[in-house]
Amino acid sequence: DTAVSQTPKYLVTQMGNDKSIKCEQNLGHDTMYWYKQDSKKFLKIMFSYNNKELIINETVPNRFSPKSPDKAHLNLHINSLELGDSAVYFCASSQAGGAEAFFGQGTRLTVV
Amino acid sequence: AQSVTQLGSHVSVSEGALVLLRCNYSSSVPPYLFWYVQYPNQGLQLLLKYTTGATLVKGINGFEAEFKKSETSFHLTKPSAHMSDAAEYFCAVSEGGSNYQLIWGAGTKLIIKP
């Protein structure tokens, strides 16, 4: 039973399209995150939600919009995709602020 | 402000040799410290963590790390490398409490030579 699951695992799309990545956690955690990992493996936090409330919103383009319908789900919607958006996106969750995070398997997004 | 420095973007060791991956941090309060491993095409998996108590922390797959406050370090070691240890390793720090953010190092790729 996967703790943090995200779909799809691979996503290939054309520039200008809109796409969504879904994430669900069954750990009962209060906090969920979206990270972007570039080709050099550098991890950058994009958003953090605690009990459905946005806590961290790092400098990312407005084209990226997180949605948290309940505390077990945090989806990422991306409008008008650009070549530079190509990366691996990870969803994660944690029990409390600063505690260890549990990661999903990642979504490899390729924009062509 | 918190920061994490991992010395060496690539570390290469022979199979059976000692593994040492270095992590230094800066934090204004006692930190929580973590090591994660990422195998190819997979998510990150927690190896070990330090929050309070014993400064030598044992993790999975034979890895351990020691918190040295005086050196602001949390280096990861394993006595004998195995081919299956080849992966990317990340050190992270947080201040715990209501801080919702882990601060990440840039990662170190561990290469195991046969």
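Since we're looking at a predicted model, the values are computed, not measured. Below, chain A is the first sequence line, B the second, and so on; all start at residue 1.
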Cluster check B:Ile103, B:Val37: I/L/V/M/F/W/Y, side chain < 4.5 angstrom: yes
CG/A:Asn62: more than 12 non-hydrogen atoms of other groups inside 6.0 Å: no
Proximal component of B:Leu44, with respect to chain A [non-hydrogen, under 4.5 Å]: both
Flag if over 12 foreign heavy atoms under 6.0 Å of NZ, B:Lys58: no
Flag if over 12 foreign heavy atoms under 6.0 Å of NZ, A:Lys52: no
Chain B contact via A:Gln6 - side chain, backbone, both or neither, heavy atoms under 4.5 Å: neither
Proximal component of B:Gln42, with respect to chain A [non-hydrogen, under 4.5 Å]: both
Student check: side-chain heavy atoms of B:Leu102 and A:Glu100 closer than 4.5 Å: no
4.5 Å side-chain heavy-atom contact, B:Phe90 and A:Lys41: yes
A:Arg108 vs B:Asn41, side chain to side chain contact (heavy atoms under 4.5 Å, CB included): CA-CA, chis, key distance, verdict: CA-CA 9 Å; A:Arg108 183 175 294 276; B:Asn41 298 315; 3.5 Å; yes
Neighbour count >12 (heavy atoms, 6.0 Å) for atom CG, B:Leu7: no
CD-CD distance between A:Gln37 and B:Glu88, expressed to the nearest 0.5 angstrom: 7.5 Å
Contacting region of B:Gln38 [heavy-atom separation from chain A under 4.5 Å]: side chain
ILVMFWY cluster, A:Leu43 and B:Val93 together (side-chain gap under 4.5 Å): no
Cluster check B:Ile60, B:Ile112: I/L/V/M/F/W/Y, side chain < 4.5 angstrom: yes
Chain B contact via A:Lys44 - side chain, backbone, both or neither, heavy atoms under 4.5 Å: neither
Proximity of A:Phe103 and B:Trp104 rings by center, below 6.0 Å: yes
